[in-house]
Amino acid sequence: MGFALNGQGKHSEAITFFTEAIRIDPMDPKTYLDRGAAYARSRKNADAIKDFQYVLTLDSISDQAQAAYYWLGRIADAERDHELALEYYTKLLQLAPADFEAYYLRGTAKSNLMDSEGAIEDFDMALKYKPDYMEALANRGVCKINLVPMSTKQDKDLDCLDDPCEDLLKAKAMGDTSVEDMIYLYCKRCR
């Protein structure tokens, strides 16, 4: 019942059912994950963190651990603690080294920490496992532009920043409208 309610967006009601299920079986990590997700979706991050950390005491290597690290990273990002998010995504990738979303999220955390080179490496890995990952292309293009010296970016005779613009133009062709300003500034002569 809790799972169904969570799927309907009725997170508070779902929490009640998950809490009852935990009372009946306090050793089931999946129920803690489900309740933690309901807490997270309800923006009750402190409660969600407790559930996810408890899951890691029950299981530190399987799918449940991966989900706990994923959610802990998302919460840390939402709270703008990108260093902590980076730690959680790194732990997730140690358990799931082909998880393209985890590479993307870790790349985003690195980008937020102004580590453009590290972010590009993670976006490269995300694209290795999911070549049509529009958001990874867009973010990689932005990080590549961030690495270009300001004097080059301000050059009025600049034709095109080929490498970054290739990513941005592909992302736009896939439907990403968030890159239009960057394309206007740096890629208008690339066509």
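In this chain, residues are counted from 1 in sequence order.
In the hydrophobic clustering of this structure, Leu33 does not group with Phe17; members are Ile, Leu, Val, Met, Phe, Trp, Tyr whose side-chain heavy atoms approach within less than 4.5 Å, directly or through other members. In this structure, Tyr89 is a member of the same hydrophobic cluster as Tyr104, with clusters built from ILVMFWY side-chain heavy atoms closer than 4.5 Å. No path of Ile, Leu, Val, Met, Phe, Trp and Tyr side chains, each step under 4.5 Å between heavy atoms, connects Leu105 with Val142, placing them in separate hydrophobic clusters. In terms of hydrophobic clustering, with Ile, Leu, Val, Met, Phe, Trp and Tyr side chains grouped at heavy-atom distances under 4.5 Å, Met27 and Ile22 are assigned to a common cluster. There is no path of hydrophobic side-chain contacts, each under 4.5 Å, that joins Val179 to Leu127.
Counting heavy atoms from C-beta outward, Pro29 and Tyr54 have side chains that stay 4.5 Å or more apart. Residues Glu135 and Tyr133 have side chains in contact (heavy-atom distance under 4.5 Å, counting atoms from C-beta outward). Looking at heavy atoms from C-beta onward, Leu169 lies in side-chain contact with Ile183 at the 4.5 angstrom threshold. By the 4.5 Å heavy-atom criterion applied to side chains, Ser42 and Ile15 are counted as neighbours. Side chains of Thr177 and Lys172 form no contact here, defined as non-hydrogen atoms less than 4.5 Å apart. The closest side-chain heavy-atom distance from Cys143 to Phe123 is below 4.5 Å.
Side-chain atoms of Tyr32 come within 3.5 Å of backbone N or O of Pro26 as a donor-acceptor pair. Not a single donor-acceptor pair under 3.5 Å links the side chain of Asp115 to the backbone N or O of Ser111. Remark: side-chain polar atoms of Tyr103 are paired, donor with acceptor, to backbone N or O of Pro97 under 3.5 angstrom.
The CG atom of Leu86 sits 6.0 Å away from the NZ atom of Lys110 when rounded to the nearest 0.5 Å. The line from CG of Asp176 to CE of Met134 is 4.5 Å long, rounded to the nearest 0.5 Å. Between the CG atom in Leu72 and the CD atom in Gln53 there is a gap of 6.0 Å [rounded to 0.5 Å]. We find the CZ-OG1 distance between Phe52 and Thr57 to be 13.5 Å, quoted to the nearest 0.5 Å. Distance check, rounded to the nearest 0.5 Å: CZ of Arg35 to NE2 of His11 gives 15.5 Å. Ile120 contributes atom CD1, which lies 15.0 Å from atom CE of Met125 (distance to the nearest 0.5 angstrom).
Scored by the side-chain hydrogen bond (donor to acceptor under 3.5 Å, both in side chains) test, Thr31 finds Asp28 as partners (sequence neighbours excluded). Remark: Glu13 pairs with no residue by the salt bridge (charged side-chain N to carboxylate O under 4.0 Å, His left out) rule, at least two apart or across chains.
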Exercise answer: donor-acceptor pairs, residues 60-71 side-chain atoms, under 3.5 Å, sequence neighbours excluded:
from: Ser62; atom 1: OG; to: Asp59; atom 2: OD1; distance (Å): 3.1
from: Ser62; atom 1: OG; to: Asp59; atom 2: OD2; distance (Å): 2.0
from: Ser62; atom 1: OG; to: Gln64; atom 2: N; distance (Å): 3.4
from: Ser62; atom 1: OG; to: Gln64; atom 2: OE1; distance (Å): 2.8
from: Tyr70; atom 1: OH; to: Arg74; atom 2: NH1; distance (Å): 3.0

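We find that Asp34 and Lys30 are joined by a salt bridge, their nearest charged nitrogen and carboxylate oxygen being less than 4.0 Å apart. The existence of a salt bridge linking Glu87 and Lys91 is excluded, since no basic side-chain nitrogen approaches an acidic carboxylate oxygen closer than 4.0 Å.
Taking a 6.0 Å sphere around CG of Asp181, one finds it holds 12 or fewer heavy atoms contributed by other residues, nucleotides or ligands. No more than 12 heavy-atom neighbours from other residues, nucleotides or ligands sit within 6.0 angstrom of CD on Glu117. Heavy atoms of other residues, nucleotides or ligands lying less than 6.0 angstrom from CE of Met114 number 12 at most. Atom NZ of Lys130 has more than 12 neighbouring heavy atoms from other residues, nucleotides or ligands inside a 6.0 Å radius.
Counted by atom type alone, Tyr88 and Asp77 present zero donor-acceptor pairs between their side chains at under 3.5 Å.
The shortest non-hydrogen separation linking Tyr186 to Cys165 is O-SG, 3.3 Å. Taking both residues in full, the closest heavy atoms of Gly36 and Asp51 are given as N-OD2, 3.5 Å, listed atom of the first, atom of the second, then distance.
The side-chain contact (heavy atoms from CB on, under 4.5 Å) with Ile145 is formed by just one residue from the set Leu168, Asp163, Asp167; it is Leu168.
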